[in-house]
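Below is one structure, written out as structure tokens; comments come after it.
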Amino acid sequence: MHYILQTMVRRKIVSGVVLSVIVLGSYFVFRGGGTAEATYVLATVTKGTIISSITGSGQVAASQQIDVKPKASGTLTYVGVKTGQQVYRGQILAYLDAREAQRSVRDAQISLESAQISLEKMQRNQQVSSETTVESLEQSYRDAYNKVSDAFLDLPNVVELARGVLYDNTVSPAGGCGNVCEYGNLAGQDFRDELRSLTSRSESDYKIAKDAFDPNFTTYRSLRFDASPEEVTAVLKTTEKTTELIAQAVKSEQNMLDALVSNMKSEASKQGDTARIPQQVTTYQNSIGSALSNLNSILSSLGNARRAIESSQRSLDDTQLTNPIDMRSQENTVAQRKAALQDAQANLANYVIRAPFAGIVAKSEMKAGDSVSGSTVIATLLTKQSIAQISLNEVEIAQVKIGQKVTLTFDAVEELTITGNVVEVDPLGTVSQGVVTYGVSIGFDTQDERVKPGMSASAAVITGAKQDVLLVPNSAVKSSGETRYVEMPGDVAAASQLVASAMNASGVALGTPPQRKLVEVGLVNDSVSEVMGGLNEGDIVVVRTVTTSSATTQTNSLFPVGGGTGGGSRGGLQVR
């Protein structure tokens, strides 16, 4: 056996030497002293939306049972379900101790604000004249006045809605004791103390909001269109604060009604019946939801108006120009800090454990104070909702998280596409023939009678999505070790004129060789990559380099270049 191995090694070495001689000889014989010319296919850095996903296949499950597990590790501070309880989709099942995650959000907010302050300083210095700045400030005050006026078109109606939810006699007019009283009558006996606390909070928040709204409304009605900047600023800030108080009052009422409806459903379920929710309660829930959305829009509008005034006011202090490269670099820093804040906020949301769909709690043994991880079962749910189970490999599973959106297609029903979300990820993989796979359970958002248990399903799990980000083709991004870079034309002005004609396969010639530019890459999908730093919208990058070589070669080439045959080769085309 030893002799056989030695013989094989010697033969491989000899074969390798012979092959190397042939290749090198062919190169020097047939290159013919020709020249190589490089052309470049160019592209422009654009802004857009990038969506990354991974795909897997599996089957529609026969058993509609899911273990609800947390997305984060920590200590349970609250568990709000028990075995046999009926839950609705999105219902809070438990809370984790989120103090550390909250600190991360706070730090990210401070970091973002610092970057925004630095950017605003640069923006102040970008003002070219005090006249332009003054005009901008005056326009900001006019816009602020209009935003306050727009707010008071809606705020009186929201305040009246908040009052009616508490003090009208519309839930059960025949009862004659008012809505707050009727809510208590609708609640189960064991829930009335908690409802009384929620009602008290709602009444207190409403009173605070009403006491702020009345004088604020009076001041606004007396405000003239030509009011002084000081008057506009004062009423703007007061209106913003009043809107926050009204939003808090409406949110407290929403919590009260949601808790009441949840209790009514739970009590009815215990009796094997369906809860009879008064129509007016449902109407109030819908109205309050719309009101909260409207209040958020008002707050955003007022906040933008206030910040516009503050920014314009600061711009009066300095009109010195700032280096535009520094400005763009700081804008990229702000974008990165915003992304970091979004990540921290998304992580904080993981500390609230919600039901992925409606169902019955088949098992729940956790209690406050227990330590949990991503593999801990908080509750086992039984549901009528269809579930698909797919398998992913160990590289793909690292990108999958509970709650991610999924699109599903089915071999048996070709025209059907159903959306869903990841509801369970196996903590341990299964090894088969040396390949590790992990199971992923996907809950359907909608049900279709054509989908049967056992049917084959293909799933695309959306692992990332970002809007309004800088994008470049994947082929433009190159690596050197762990460093990522792109190549950019040295003569940008000349390259800009060539971009329109640079999308053909052969590319265009550049006067100077392209230069490397280091970049920071974010999300990547099959076609484009997100650039988080190093480039700006409109920059021109090299997508690929096309090298055309021309040489006179001999007829009988062992390794013909460029596929040439006959008397001579016309050249070879190499793309990188």
Apply the test side-chain contact (heavy atoms from CB on, under 4.5 Å) to residues Val361 and Lys82: give CA-CA distance (whole Å), side-chain angles for both, the deciding distance (0.1 Å), then the verdict. CA-CA 7 Å; Val361 178; Lys82 55 187 178 181; over 6 Å; no
Verdict with reasoning, Leu236 to Ile309, per side-chain contact (heavy atoms from CB on, under 4.5 Å): CA-CA 10 Å; Leu236 172 63; Ile309 290 176; 3.9 Å; yes
Show, in sequence, the C-alpha distance, side-chain angles and deciding distance for Lys405 and Asp445, and conclude whether the salt bridge (Lys or Arg N to Asp or Glu O under 4.0 Å) test is met. CA-CA 10 Å; Lys405 297 302 294 182; Asp445 286 340; 2.8 Å; yes
Assess the residue pair Ser371 and Thr75 against the criterion (side-chain contact (heavy atoms from CB on, under 4.5 Å)); give the C-alpha distance rounded to whole Å, side-chain angles, the decisive distance to 0.1 Å, and a yes or no. CA-CA 4 Å; Ser371 295; Thr75 302; 4.0 Å; yes
Trace of the side-chain contact (heavy atoms from CB on, under 4.5 Å) decision for Tyr95 with Tyr351: CA-CA 6 Å; Tyr95 287 104; Tyr351 286 76; over 6 Å; no
Evaluation steps, salt bridge (Lys or Arg N to Asp or Glu O under 4.0 Å), between Asp193 and Arg196: CA-CA 5 Å; Asp193 287 342; Arg196 190 176 297 111; 2.7 Å; yes
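Defined by atom type and a distance below 3.5 Å, a donor-acceptor pair is missing between the side-chain atoms of Gln404 and Asn421. A donor-acceptor contact closer than 3.5 angstrom is absent between the side chains of Asp97 and Thr77. Under 3.5 Å, the side chains of Thr407 and Thr417 contain no donor-acceptor pair of N or O atoms. With hydrogens and angles left out, the side-chain atoms of Asn216 and Thr238 include no donor and acceptor closer than 3.5 Å. A donor-acceptor pair shorter than 3.5 Å cannot be found between the side chains of Ser312 and Tyr141. For Gln248 and Ser252, the side-chain atoms include at least one donor-acceptor pair closer than 3.5 Å. Glu520 and Gln336 form a side-chain donor-acceptor contact under 3.5 Å, judged by distance and modelled atom types alone. A donor and an acceptor atom, one from each side chain of Gln139 and Arg142, are located under 3.5 Å apart. Side-chain atoms of Glu231 and Ser228 form a donor-acceptor pair, as typed in the model, at a separation below 3.5 Å.
The minimum heavy-atom distance linking Val165 with Glu253 is given by the pair CB-OE1, 3.3 Å. Between Val180 and Glu203, the shortest heavy-atom contact is CG2-OE2, 4.2 Å. Across every non-hydrogen atom of Ala101 and Leu348, the tightest pair is CB-CD1, 3.8 Å. Taking all atoms of both residues into account, the shortest heavy-atom contact from Thr83 to Ser364 is OG1-N, 3.2 Å. Between Ala268 and Thr274, the shortest heavy-atom contact is CB-C, 3.8 Å. Residues Ala305 and Lys147 come closest through the heavy atom pair CB-CG, 4.0 Å.
Within 6.0 Å of the CD atom in Gln467, the count of heavy atoms belonging to other residues, nucleotides or ligands does not exceed 12. Remark: Arg99 CZ is loosely packed, at most 12 non-hydrogen atoms of other residues, nucleotides or ligands lying under 6.0 Å away. Remark: Arg224 CZ is loosely packed, at most 12 non-hydrogen atoms of other residues, nucleotides or ligands lying under 6.0 Å away. Annotation: Lys69, atom NZ; neighbour count of heavy atoms from other residues, nucleotides and ligands within 6.0 Å is above 12.
Identified under the disulfide (SG to SG under 2.5 Å) test for residues 178-249, with sequence neighbours left out: Cys177-Cys181.
Taking the six-membered ring where the residue is Trp, Phe152 and Tyr220 present parallel rings, their angle staying beneath 30° rather than reaching 60°.
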